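Chain letters run A, B, ... following the sequence lines, proteins first and then strands; every chain starts at 1. Since the model is a prediction, treat every value here as computed from it, not as a measurement.
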Amino acid sequence: MTPEELSAAVKSALIEAIEAGELTLEIPGEIRVERPKSRDHGDWATNIALQLAKEAGMPPRELAESLAARLRQVDGVSTVDIAGPGFINITLDAAAAGLLAKTIVEAGESFGHTEVLAGHVINLEFVSANPTGPLHIGHTRWAALGDAIGRLLRASGAEVTNEYYINDAGNQMNVFANSVLSRIHGEDVSEGGYPGEYVKELAEEVLAARPEVRDMDRDEARPIVRELAYQAQLGQIKDTLDAFGVHFDVYFSEESLHSGGHVRGALETLRAQGHIDDREGAVWLRTTDFGDDKDRVLFKADGEPTYFAADAAYYLSKRERGFGEKIYLLGADHHGYVARLKAIAACAGDDAEKNIEILIGQLMSVKGAKLSKRAGNIIELADLIKWLGTDALRYTLARYPADSPIDVDPDLLQSKTNDNPVFYVQYAHARSRNAARNAAAAGVDQSSFDASLLTHETEEELLSHLGRFPSVVSSAAELREPHRVARYLESLASAYHGWYAACRMAPSVAEDGTAEPVTDLNRTRLWLNEATAQVLRNGLQLLGVSASERM
RNA sequence: GCCUCCAUAGCUCAGGGGAUAGAGCGUUGGUUUCCGGUACCAAAGGUCGGAGGUUCGAUUCCUCCUGGGGGCACCA
C-alpha cells in the first residue's frame, strides 16, 4: 500500500463519517499522510483530525476516533491508534507494506511520476549567459538546479520548455566583435573590451573560416566577424552545457525581438494597456503601478530601446507562445529585477502572482578553484567539470536550497566515504547492483514474491522510505526545490545500507562450502533490492546524476 | 537610505504549523570468520540569534531588534 492509497482511504473515511452524520465540514483537497519521526508512532500518521477539529466543531480526538474506526476496516491496515492531541497513527500489515517492492519494480522508471502538475504549461528560463564568453561559476548553480527543476516538473506532469535567452543584441556584441577584430590583427584588446585569451581562440576560428576578413576594411569585416565569433562562442556554451547534462529546448535570440519588430510591438501593446508615459523625451513603462520602486525607461531619449524594453517584449513573446507560467531563475545579483519583471507581467494583463515566478539563487564558490587565464580571471564551468566531474558538481549543487550560499569543498567531493553525500548515494546503488549479481550467481531470481516475508525492522524501514518517493518528487516540483530529492536519496541510501547490513539476500554458505537452498525470502528480498535500486536511479536521474553498476 | 537572503549541535547543513528539533563530519564506545567494513550500530552534544504577536499548538507564519551575505543605473 502506498501513502497515496492510504491518503485516499483517509479521505473515504472522512466522506463516510460525513454521510453518516457524525460530522459536518468541507472535505479538504489534500490529505497528507506522513512518516512519523518515531517508529513508535506507526508506519504512517496524519494530523487531519487536528486540522479539521475547529471547522467540525468537535474535539480533535473525538474526530480522530470517528475516522480511526473506519480506517481499521481498510484492507491492509493493521492497527490504527489515536495519539497525543489527535494524531492518527497507522500501521500496515507486513504484506500490504511489502507489496510496494513489487509495485516499484513493475513501475520501473515511472515510479515517482505523478500528475500533480498536469495541465501546467511552463516556460523555464535559466542560465541565459551572454554569448560573449564562456560559461563560468556564476552560471553553474542555476544550470544544475534549473535542469533538475525542469526534470521534476516534467515528472509531475507539467509541460515544460527549458529556455535560454541569448543576449545577442546591443552594444556589447559590437564590443565583442571589436575585441575579436583586434585579435585578428594581432593587437591588444582596447579598454572596455573582452580581454580573455579565449578571444584569441575565437579570432583563430574566425580566420580559419574566413581568412579574408583580415584584409577587409574593419567596418566591413565587423558584421562577419561578429556573426562567426558569436556562433563559435555559442557553440562552446552548448558543448559545456552538454557536458554538464543540461538540455535546452529553445535558444531564444534577443536580436530576433528587435529585427522582428517585437520590441516596437510590445510598446504598442503596453501603450494600449495604458501603462506608457512619455516624459523628458523618453518612453517610460509605469511599473510603479504594480509595486516597482520607480518607473522604467523603455526607449531612451535618443530613441534607442533599453535592455528592459527587450525584457518586456520577451515576456510578451512567452505569453503569446502559450506559456501560462513563466519561471525565471536568476542569480542574487539580479534580485533588483524582480519587481520590474513582475510589473511587466502585470502591465501585460497577467497575474503577477500566478503567471510569473522568479526564483533567486545565492552565489556559490569553490575552495581553491583556479581562475582561468583563458577566460580572463573567472572560474570556467568547463574547468570545474573537468576537475570535479559532472556528477559530483551537480549533486552537490542540487542538495542545497537555492537561497543558501554554498562553498564547495573539492577534497570532500573527491573522497570516497560517508561524508561525501554523492558518493554515499551512488555507492548504495553500486552496492545494490553488486548484491544483485551475487544473488544471481547464487541462483536467486525473481520467480516468486511473498510480501508477508518482509518483516525485519530494517525492511519495514526501507519500505516506508521507498513509499515516500512520489510525494517527495511532487512536493519538490511544486516548491521548485530539488534539494528535497537529494536529501531523500541520502536517507534512502542510509536505510538501504542498514538493511544490507542486517538482511542477507543470497543464501548463507556453511563452513564446508555448501550453500543453503534458495528460499522465497531470498527471492523476495531480491525484489526489495531491485526496488531500492530503481528508486535510487529514478531520484538521481531527476538530479542529472548517473547511477553506475560499479564504483 | 531602500530592497533581498541568511542566523538551528564543536563544524557543514536539513527541517511545507504538530508528538521527544534531525543528518553527515568530529568526539567516545561497539559490529555479523560468508552478498564490497568505501558499510553498520550506539552514546555524548541544542536557550532553534533576541523580544513581542497570531494559533489549541511556532524552529516554521507576522512585526521589531541585533549580527552577517548580496543588490540599487536612461549599464549590458
Side-chain angles (χ1 to χ4, degrees), chain A residues 32 34 36-38 40-41 45 47 50-51 53-54 59-60 83-87 89 130 132 167 169-173 175 254 280-284 293-302 304-308 310 331-339 360-363 399-407 409 412 415-421 423-424 426-428 430-442 444 458 475 478-479 481 483-484 486-488 490-491 493-494 496-511 513 515-516 522 525 529 550-551:
Chain A
R32 300 178 47 165
E34 293 182 321
K37 286 171 192 157
S38 163
D40 299 337
H41 297 143
N47 61 0
L50 288 161
Q51 286 177 0
K54 195 172 205 172
F87 294 102
N89 295 334
N130 285 348
T132 53
N167 298 123
N171 191 45
Q172 59 170 341
M173 291 307 290
V175 173
E254 179 191 356
E280 302 149 33
V283 181
W284 301 69
D293 56 355
K294 56 188 291 189
D295 291 335
R296 304 289 167 178
V297 173
L298 288 171
F299 288 85
K300 295 184 262 187
D302 64 7
E304 286 298 306
T306 61
Y307 190 84
F308 181 69
D333 52 336
H334 283 72
H335 97 262
Y337 286 45
V338 174
I360 297 294
Q362 294 297 311
L363 304 177
R399 85 182 281 268
Y400 296 98
D403 51 16
S404 68
I406 49 179
D407 186 18
D409 180 351
L412 184 64
S415 77
K416 298 193 168 183
T417 53
N418 255 356
D419 48 343
N420 180 7
F423 168 79
Y424 188 74
Q426 285 186 312
Y427 174 59
R431 183 178 230 185
S432 78
R433 303 328 309 134
N434 191 61
R437 285 190 292 271
N438 288 329
V444 180
T458 59
S475 65
E478 286 172 319
L479 295 166
E481 291 184 342
H483 77 273
R484 289 170 184 277
R487 300 287 169 162
Y488 164 80
E490 289 162 33
S491 71
S494 174
Y496 177 74
H497 286 309
W499 173 70
Y500 181 92
C503 297
R504 280 188 63 86
M505 186 162 54
S508 299
V509 178
E511 279 181 32
E516 297 283 320
N522 297 127
R525 281 180 172 167
N529 185 74
R550 289 188 173 81
M551 294 186 76

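- Contact annotation for A:Asn434: base contact, defined as any heavy-atom pair under 4.0 Å involving a base atom.
- If you take atom P in B:rG49 and the same atom in B:rA21, they sit 15 Å apart, rounded to whole Å.
- Proximity note for A:Glu478 (side chain, C-beta onward) versus B:rC56, B:rG16, B:rC75: the nearest is B:rG16.
- B:rA14 has no stacking from A:His483 on its base ring, since the centres under 5.5 angstrom apart and planes within 30 degrees of parallel are not both found.
- For A:Asn89 against B:rA19, a side-chain-to-base donor-acceptor contact under 3.5 Å is present.
- Relative to the six-membered ring of A:Tyr500, A:Arg431 meets both conditions, a distance below 6.0 Å and an angle of at most 45° to the axis.
- Across B:rC13, B:rC40, B:rA19, the shortest atom-to-atom separation from the side chain of A:Pro36 is found for B:rA19.
- Across B:rC34, B:rA14, B:rA39, the shortest atom-to-atom separation from the side chain of A:Ser508 is found for B:rC34.
- Once the 5.5 Å centre distance and the 30° plane angle are applied, the aromatic ring of A:Tyr427 is found not to be stacked with the base of B:rA39.
- Contacts of A:Tyr500 with the nucleic acid, taken as non-hydrogen atoms under 4.0 Å apart, include base atoms.
- The base of B:rG18 is paired with the side chain of A:Asn47 by a donor and an acceptor separated by under 3.5 Å.
- Here the closest heavy-atom approach between residue A:Arg525 and residue A:Trp499 is recorded as O-CH2, 3.6 Å.
- Contact between the side-chain N/O atoms of A:Arg399 and the OP1/OP2 oxygens of B:rA23 is not found at any separation under 4.0 Å.
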Which atom pairs link the protein and nucleotides 68-72 of chain B when you take only N or O atoms and keep those under 3.5 Å?
from	atom 1	to	atom 2	distance (Å)
B:rG70	N2	A:His335	ND1	3.0
B:rG70	N2	A:His335	NE2	2.9

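- No contact: A:Pro60 has no heavy atom under 4.0 Å from any strand.
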